[in-house]
Amino acid sequence: MVDQKLKNLRGDSRRKFLKFASAAGAALALDRSKVLDVIADSGGDAMADEAACAATNNSISMVAGNGGFAWFQLLWPHVDVAKAGNNNFAFHAPGQITDAPDTDKPFVNGPETPWVDLDSTKRITAFMAGSNETHTAQPTSAASVGNSSMLAAVASMQNALPSLLPVIGVTPFSFGNAPGAPAVTTVGSAEGMVDLFDSSASRALLSIEDDAATYEAYYKAFLSLNKAAKRPTWAAQARITKASANFLGKNLASELRPSAADETFYGLDGAPNNLRDLGLGVITAVKAFRLGLTNSVILPALRDDPHGAFGNMGDLQNRIGILGRIFDALMEDLAATASPHCSGKTLADTTIITVHGDTPKTPLNRSGWPDGTPNNSNWLYVMGNGYLKTGWFGGIRANGNTDGFDPATGDTVANQQSNVTTAAAGAAVLFAIAQGDMRRVEDFYNGPSIAGIVNQQIL
């Protein structure tokens with residue numbers, strides 16, 4: 001019988017009950033299904049559904065080096081710059097913007113801005129963070145959390161999710177360090193991600209479908225007979241090895257390789273190579289998430305140096321149109337794919353996306369699109385899936401001044417260096433990865449409150 005006191009628990013009390021129930025079930029060596037039955041009987045079906053879901057999100061991190069980060073401000077421009085209507089500014093569509101109606105802070109949409117027709121959880125949060133790093137292929141300044149790398153801290157949090165290769169990164173990038181971070185598996189291209197799961201051993205030994213199925217059945221039968229498989233200390237490893245047995249019997253290369261239909265859907269037919277590479281990377285990332293092969297994918301983003309972009313407006317508009325289409329297709333793809341870690345949810349509900357780079361170039365001068373930025377500023381874009389407040393936190397003004405923000409309140413701070421709020425911005429990303437559990441964020445962050453830039457979730 002449902003206990004109304006338990007059913008009505010909210011916030012920290014609700015989390016503590018779910019953790020207690022899970023721990024008690026593990027101590028008694030109960031099957032997870034039995035634990036969920038108990039939670040449903042005492043706290044209701046909704047609470048049981050919540051307990052069945054992993055408390056950590058996947059992530060796609062795009063790292064734009066060698067000046068390629070500049071392209072992204074054409075998708076998500078600084079508000080004051082875009083609204084100025086100045087044809088000398090490095091924005092391609094003056095007079096063609098609209099105010100975002102549902103962001104927490106001001107934000108404008110250009111002609112190619114993605115996700116504008118989706119719900120408000122799919123809005124971008126733009127944080128002033130880091131410093132200009134012209135020209136590096138491995139930028140880090142806008143992606144750190146105190147003494148930890150943001151990318152490594154994200155991966156550390158994701159250790160709670162079972163996978164074969166916790167982090168896959170396409171080089172070059174700087175992964176950095178964080179307590180508990182797993183090793184990162186590096187490849188040289190999106191095609192290399194496919195090759196990771198196309199081992200000659202599995203192809204030679206398990207190429208016959210019946211043999212592969214038999215191997216998987218025998219292995220899982222062995223686990224069911226092994227008493228150790230019920231011990232909590234072995235449970236995570238058991239999940240991973242069962243997944244391994246399942247995957248070893250499949251032709252993963254064919255499951256992960258983008259198809260011609262995928263490429264058309266993402267708008268990659270005839271696309272410039274750097275945009276095509278980005279598109280292939282996100283296609284493969286979605287497929288890898290679907291199979292539970294990895295939790296985090298790090299991709300290079302564009303890596304060109306578009307100093308002369310505004311000298312050929314036709315080419316510029318073509319490129320930014322393809323980039324916007326890649327993001328739109330990515331979200332459609334995620335939304336069409338069930339999450340392997342939470343029944344009833346899709347990958348669009350459980351994936352966080354970040355974009356950072358070396359230099360975004362100045363938004364105030366399209367002639368030669370100079371690398372220097374006002375006040376040596378940089379910034380970080382995040383799709384926080386409802387866990388973050390949205391819009392621009394800080395920004396560049398049309399007069400060349402830069403604003404920062406107070407992470408405790410979200411209020412604008414005039415003339416603040418962007419590197420002042422780097423750690424807070426990174427902590428907000430971790431908050432989204434941890435699905436609003438601030439206690440997990442505090443394993444990496446000990447700075448000021450970030451209450452003004454995140455949404456406290458009712459769990």
Side-chain angles (χ1 to χ4, degrees), residues 9-23 32 35-36 39 43 46-61 104 118-125 127 145 148 150-163 166-167 178 180-182 236 239 289 292 294-297 331 334-335 337-354 382-390 407 424-445 449-459:
L9 287 175
R10 293 293 182 269
D12 191 51
S13 296
R14 190 176 177 92
R15 284 194 297 269
K16 285 181 178 178
F17 171 72
L18 292 175
K19 288 185 176 181
F20 168 79
S22 296
R32 184 62 175 164
V35 176
L36 295 176
I39 292 174
M47 187 179 283
D49 289 343
E50 183 178 325
C53 290
T56 308
N57 286 321
N58 295 113
S59 62
I60 297 175
S61 301
D104 297 288
L118 303 182
D119 68 82
S120 61
T121 65
K122 302 302 186 289
R123 302 290 171 259
I124 284 291
T125 303
F127 292 119
V145 189
S148 296
M150 184 188 80
L151 297 180
V154 164
S156 179
M157 283 187 164
Q158 291 168 332
N159 278 330
L161 300 173
S163 66
V167 191
R239 288 195 300 271
F289 288 160
T294 190
N295 307 320
S296 176
V297 174
M331 195 59 67
L334 291 170
T337 307
S339 168
H341 303 302
C342 186
S343 60
K345 288 191 175 183
T346 70
L347 288 175
D349 304 314
T350 59
T351 302
I352 306 302
I353 299 170
T354 67
V382 189
M383 192 288 290
N385 232 327
Y387 293 96
L388 307 186
K389 296 188 185 301
T390 54
V429 172
L430 299 189
F431 185 89
I433 294 293
Q435 297 184 5
D437 189 344
M438 190 63 198
R439 291 170 302 174
R440 295 177 67 195
V441 178
E442 290 167 351
D443 290 339
F444 307 93
Y445 175 73
S449 169
I450 60 171
I453 59 177
V454 301
N455 290 319
Q456 300 292 337
Q457 300 295 303
I458 296 181
L459 300 178

Between [X] and [Y], what is the shortest heavy-atom contact and its length?
{"X": "Thr390", "Y": "Ser120", "result": "CG2-O, 4.4 Å"}
{"X": "Ala338", "Y": "Leu347", "result": "O-CG, 4.1 Å"}
{"X": "Pro166", "Y": "Thr294", "result": "O-OG1, 3.1 Å"}
{"X": "Ala155", "Y": "Val167", "result": "CB-CG2, 3.3 Å"}
{"X": "Ala451", "Y": "Ser449", "result": "N-OG, 3.1 Å"}
{"X": "Ala153", "Y": "Ala178", "result": "N-CB, 3.4 Å"}

[Y] and [X], any side-chain heavy atoms less than 4.5 Å apart:
{"X": "Leu430", "Y": "Val154", "result": "yes"}
{"X": "Phe289", "Y": "Ile60", "result": "yes"}
{"X": "Asn57", "Y": "Asn385", "result": "no"}
{"X": "Lys389", "Y": "Val454", "result": "no"}
{"X": "Val441", "Y": "Met157", "result": "yes"}
{"X": "His341", "Y": "Pro162", "result": "yes"}
{"X": "Thr56", "Y": "Arg440", "result": "yes"}
{"X": "Ser156", "Y": "Phe444", "result": "yes"}

Can you tell me how far [atom2] of [Y] sits from [atom1] of [X], rounded to the nearest 0.5 angstrom?
{"X": "Asn58", "Y": "Thr350", "atom1": "CG", "atom2": "OG1", "value": "5.0 Å"}
{"X": "Thr351", "Y": "Leu334", "atom1": "OG1", "atom2": "CG", "value": "5.0 Å"}
{"X": "Met150", "Y": "Ser59", "atom1": "CE", "atom2": "OG", "value": "8.5 Å"}
{"X": "Tyr445", "Y": "Ile450", "atom1": "OH", "atom2": "CD1", "value": "6.5 Å"}
{"X": "Gln435", "Y": "Tyr387", "atom1": "CD", "atom2": "OH", "value": "4.0 Å"}
{"X": "Thr354", "Y": "Phe127", "atom1": "OG1", "atom2": "CZ", "value": "11.5 Å"}

Subject >> Verdict with supporting geometry, Leu388 and Asn455, side-chain contact (heavy atoms from CB on, under 4.5 Å) >> reply: CA-CA 5 Å; Leu388 307 186; Asn455 290 319; 5.6 Å; no

**OP:** For Arg123 and Asp104, run side-chain contact (heavy atoms from CB on, under 4.5 Å): C-alpha distance rounded to whole Å, both residues' side-chain angles, the deciding distance at 0.1 Å, then the answer.
**Re:** CA-CA 10 Å; Arg123 302 290 171 259; Asp104 297 288; over 6 Å; no

Subject >> N/O donor-acceptor pair under 3.5 Å between Thr346 side chain and Ser339 backbone >> reply: no

